[in-house]
Structures are given as C-alpha cells and as structure tokens.
Engineer: 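Below is one structure. I have some questions about it.
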Amino acid sequence: MSNTYLSKKQIVIIAFMLVAILFRLMPHLPNFTPITAIALFGGLYFTNKSMAYLVPIFIMILSDLFLGFHSISIFVYAAFLGVSFIGTQTKKPSVFTILLGSVSFFVITNFGVWLLSYPKNLTGFIECYTLAIPFFRNSLLGDFFYSGVMILGFNFVQKKYLNLA
C-alpha cells in the first residue's frame with residue numbers, strides 16, 4: 001500500500017472526528033462540545049503524528065467556516081494542538097488524560113480571553129478565570145461524554161470490524 005492512501009484505521013478515525021464535529025454545529029449547551037475530545041482522540045489514535053495534529057485542526061477550521069472565527073481563535077487552536085500533544089504522549093486513554101486535556105484547554109483559551117478582554121493585572125486575571133468557571137463545568141461534562149463515546153466507539157469498531165487491536 002502506498003503512503004498516499006489512507007489506511008482503514010485512519011479513515012475510521014477521521015470518520016469518528018467528522019461525525020463528532022457535527023455536534024459542534026448543532027444547538028448545544030454552552031461549551032458542551034466535542035472539540036477537546038476530537039483533539040485528544042486524534043492524538044491518541046493516529047500513529048502518524050502529523051495527522052494527529054493536522055486532521056483535528058482541519059476539522060476545527062472546517063466547522064469554524066460555518067460558525068465564524070473569533071478574536072480568541074488563535075488561542076483555541078493553540079489549546080487544540082496542546083490537547084493533541086497530550087494524546088500523542090499518552091499510552092492509553094484514561095480519566096486523567098481527559099481531565100488534563102480539559103484543564104489545559106481551559107487554561108490556554110481563558111488566558112487568551114484575559115489578554116484580549118480584561119485589564120492586564122491580577123484583578124483582571126482572577127476575574128476572567130472566575131467568570132469562566134461555570135463554562136468549565138459544561139466543558140468537563142462535554143469532554144468526558146464525547147471522549148468516552150469516541151474512545152469506546154472506536155475501540156468497539158476496531159476490535160469488531162477492523163481487527164486492528
């Protein structure tokens with residue numbers, strides 16, 4: 001098989017990510033989205049590390065073409081790459097890995113919000129992160145839900161249909 005073709009495993013990984021991103025485009029609770037799960041999933045399952053970063057970013061950009069880009073988009077993409085990195089460094093998915101991805105996404109994206117929208121002092125920093133806490137609850141719930149569905153679903157498909165375990 002040539003390197004120019006995608007393997008069955010890569011196609012299934014991309015399909016899972018594309019289906020997941022559709023949930024970002026549908027009405028949802030604030031921050032209850034699959035974006036962190038997609039980045040982590042790509043990092044965990046792509047053996048080609050460049051695909052672990054490029055495919056999730058491409059999928060995110062694709063959805064942003066419909067939803068719009070924002071002033072903090074660069075921080076969102078940086079956080080997305082950070083979560084992909086966490087996935088590439090993880091031997092197997094765990095609750096800790098999902099939590100680490102969620103926390104890193106929260107810290108990086110809200111740092112961008114603070115830089116762009118709050119006074120550049122300790123009070124502004126604390127206010128920014130404090131006001132973000134209610135959104136973090138939904139992010140955590142979404143990250144655990146979507147990560148669980150994607151990881152368990154992929155493991156099922158991989159064992160049952162692809163024999164790639």
Side-chain angles (χ1 to χ4, degrees), residues 6-113 132 134-162 164-165:
L6 295 173
S7 70
K8 286 181 189 178
K9 181 179 179 182
Q10 291 170 327
I11 292 169
V12 171
I13 293 167
I14 292 168
F16 267 78
M17 296 166 94
L18 287 170
V19 168
I21 205 67
L22 293 175
F23 288 95
R24 182 175 186 232
L25 300 174
M26 297 167 62
H28 56 270
L29 295 171
N31 289 26
F32 191 90
T33 65
I35 60 174
T36 304
I38 289 169
L40 185 63
F41 182 77
L44 284 167
Y45 290 104
F46 277 121
T47 51
N48 178 330
K49 296 308 173 196
S50 62
M51 286 186 75
Y53 296 100
L54 295 175
V55 173
I57 286 291
F58 175 76
I59 289 171
M60 183 71 168
I61 290 170
L62 190 62
S63 69
D64 280 342
L65 289 173
F66 294 96
L67 297 172
F69 294 89
H70 303 282
S71 59
I72 67 157
S73 289
I74 190 72
F75 295 96
V76 171
Y77 291 115
F80 210 58
L81 291 172
V83 174
S84 293
F85 177 77
I86 291 167
T88 64
Q89 301 304 303
T90 301
K91 301 296 183 216
K92 66 183 223 176
S94 68
V95 169
F96 175 75
T97 303
I98 297 167
L99 183 61
L100 183 60
S102 296
V103 169
S104 65
F105 194 87
F106 176 82
V107 168
I108 294 167
T109 56
N110 283 294
F111 183 76
V113 172
F135 296 100
F136 185 51
R137 180 182 60 87
N138 285 353
S139 293
L140 277 173
L141 293 172
D143 294 346
F144 278 101
F145 174 78
Y146 286 110
S147 293
V149 168
M150 292 178 76
I151 291 166
L152 293 173
F154 179 75
N155 287 340
F156 173 78
V157 168
Q158 182 172 260
K159 287 179 182 148
K160 180 115 175 140
Y161 298 105
L162 299 178
L164 299 173

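The first residue of the sequence shown is numbered 1, and numbering continues consecutively from there.
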Engineer: Measure the CZ-NZ distance between Phe85 and Lys49 for me, rounded to the nearest 0.5 Å.
Structural biologist: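 Separation between the atoms: 10.5 Å.
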Engineer: Is it true that a side-chain atom of Thr90 and a backbone atom of Pro93 form a donor plus acceptor pair closer than 3.5 Å?
Structural biologist: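 No; judged by distance alone, with no hydrogens or angles, the pair does not exist.
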Engineer: Side-chain contact, heavy-atom cut-off 4.5 Å: Phe136 with Asn31?
Structural biologist: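 Not touching, per the 4.5 Å side-chain cut-off.
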Engineer: Do Val149 and Phe145 pass the side-chain contact (heavy atoms from CB on, under 4.5 Å) test, and can you show the C-alpha distance, the side-chain angles, and the key distance before you say yes or no?
Structural biologist: CA-CA 6 Å; Val149 168; Phe145 174 78; 4.0 Å; yes
Engineer: Classify the angle between the aromatic ring planes of Phe69 and Tyr77 as parallel (below 30°), tilted (30 to 60°) or perpendicular (above 60°).
Structural biologist: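 The arrangement is tilted - the two ring planes meet at 30° to 60°.
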Engineer: Which pairs, with at least one residue in residues 58-83 and sequence neighbours excluded, count as a salt bridge (Lys or Arg N to Asp or Glu O under 4.0 Å)?
Structural biologist: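 Sorted result for residues 58-83: Arg24-Asp64.
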Engineer: With a 4.5 Å heavy-atom cut-off, do His28 and Phe23 have their side chains touching?
Structural biologist: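 The answer is no, as the side chains (C-beta and beyond) never meet within the 4.5 Å cut-off.
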Engineer: Answer yes or no: are there more than 12 heavy-atom neighbours, outside Ile74 itself, under 6.0 Å from its atom CD1?
Structural biologist: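 No - once you tally the heavy atoms of other residues, nucleotides and ligands closer than 6.0 Å, there are 12 at most.
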Engineer: So do the side chains of Ile151 and Tyr45 get within less than 4.5 Å of each other, counting heavy atoms only?
Structural biologist: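 Ile151 vs Tyr45: side chains touch.
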Engineer: Which heavy atom of Ala132 sits nearest a heavy atom of Asn110, and at what distance?
Structural biologist: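 Answer, listing the atom of Ala132 first, then Asn110: CB-OD1, 3.3 Å.
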Engineer: Shortest non-hydrogen contact from Leu25 to Ser63?
Structural biologist: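 Distance-wise, the nearest heavy atoms are CD2-O, 3.8 Å.
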Engineer: Measure the CZ-NZ distance between Phe154 and Lys159 for me, rounded to the nearest 0.5 Å.
Structural biologist: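 One finds 10.5 Å between CZ of Phe154 and NZ of Lys159.
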Engineer: Supply the atom-to-atom distance Leu22 CG to Ile59 CD1, rounded to the nearest 0.5 angstrom.
Structural biologist: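 Leu22 atom CG to Ile59 atom CD1 measures 10.0 Å (nearest 0.5 Å).
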Engineer: Is the shortest side-chain heavy-atom distance between Val157 and Phe16 below 4.5 Å?
Structural biologist: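 The answer is yes; the side chains approach within 4.5 Å.
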Engineer: Taking all non-hydrogen atoms of both residues, which atom of Phe32 and which atom of Asn138 are closest, and how far apart?
Structural biologist: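 For Phe32 and Asn138, the tightest heavy-atom pair comes out as CD1-O, 3.6 Å.
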Engineer: Of the options Ile21, Ile13, Val19, which is the one that meets Met17 in a side-chain contact (heavy atoms from CB on, under 4.5 Å)?
Structural biologist: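 Answer to the side-chain contact (heavy atoms from CB on, under 4.5 Å) test with Met17 among Ile21, Ile13, Val19: Ile13.
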Engineer: Could you give the distance from OG1 (Thr88) to CG (Asn48), rounded to the nearest 0.5 Å?
Structural biologist: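 These two atoms lie 11.5 Å from each other.
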Engineer: Looking only at non-hydrogen atoms, find the nearest pair between Ala52 and Gly42 and report the distance.
Structural biologist: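 Residues Ala52 and Gly42, closest heavy atoms: CB-O, 3.5 Å.
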Engineer: Using the side-chain contact (heavy atoms from CB on, under 4.5 Å) criterion, which residues pair with Leu99? Sequence neighbours excluded.
Structural biologist: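 Partners of Leu99 under the side-chain contact (heavy atoms from CB on, under 4.5 Å) test: Val103, Leu140, Phe144.
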Engineer: Just wondering, do Met51 and Ile14 contact through their side chains at under 4.5 Å, heavy atoms?
Structural biologist: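 Sidechains of Met51 and Ile14: in contact.
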Engineer: Mind checking whether Val76 and Met60 have side chains closer than 4.5 Å, heavy atoms only?
Structural biologist: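 Touching, per the 4.5 Å side-chain cut-off.
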Engineer: Check the pair Tyr146, Ile35 against side-chain contact (heavy atoms from CB on, under 4.5 Å), reporting the backbone distance first and the verdict last.
Structural biologist: CA-CA 9 Å; Tyr146 286 110; Ile35 60 174; over 6 Å; no
Engineer: Do Met150 and Leu40 make a side-chain contact, defined as non-hydrogen atoms from C-beta onward lying under 4.5 Å apart?
Structural biologist: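 Answer no - side chains too far apart.
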Engineer: Test side-chain contact (heavy atoms from CB on, under 4.5 Å) on Gln158 and Val12; report intermediate values, then the result.
Structural biologist: CA-CA 9 Å; Gln158 182 172 260; Val12 171; over 6 Å; no
Engineer: Would you confirm whether Ser84, through its side chain, and Phe80, through its main-chain N or O, come within 3.5 Å as a donor-acceptor pair?
Structural biologist: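 Yes: the side chain of Ser84 pairs with the backbone of Phe80.
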Engineer: Where do Ser147 and Ile98 come nearest, in terms of heavy atoms and distance?
Structural biologist: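 That would be CB-CD1, 3.6 Å.
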Engineer: Any idea which heavy atoms bring Val83 and Thr36 closest together, and the distance?
Structural biologist: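 For Val83 versus Thr36, the nearest heavy atoms are CG1-O, 3.6 Å.
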Engineer: How about Phe58: does its CZ atom have over 12 heavy atoms from other parts shown lying under 6.0 Å from it?
Structural biologist: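 Open.
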Engineer: Between Phe46 and Tyr53, is the gap from one ring center to the other below 6.0 Å?
Structural biologist: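 They do not qualify: ring centres at least 6.0 Å apart.
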Engineer: Taking side-chain contact (heavy atoms from CB on, under 4.5 Å) as the test, write out the residues that go with Phe96, two or more places apart.
Structural biologist: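 Expected list: Ser94, Leu100.
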Engineer: Quick one: pull up CG in Asn155 and NZ in Lys160 and give me the separation to the nearest 0.5 Å.
Structural biologist: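 Answer rounded to 0.5 Å: 14.5 Å.
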Engineer: Are Ser104 and Ile86 close enough that some pair of their side-chain heavy atoms sits under 4.5 Å apart?
Structural biologist: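 Side chain of Ser104 against side chain of Ile86, heavy atoms only: contact under 4.5 Å found.
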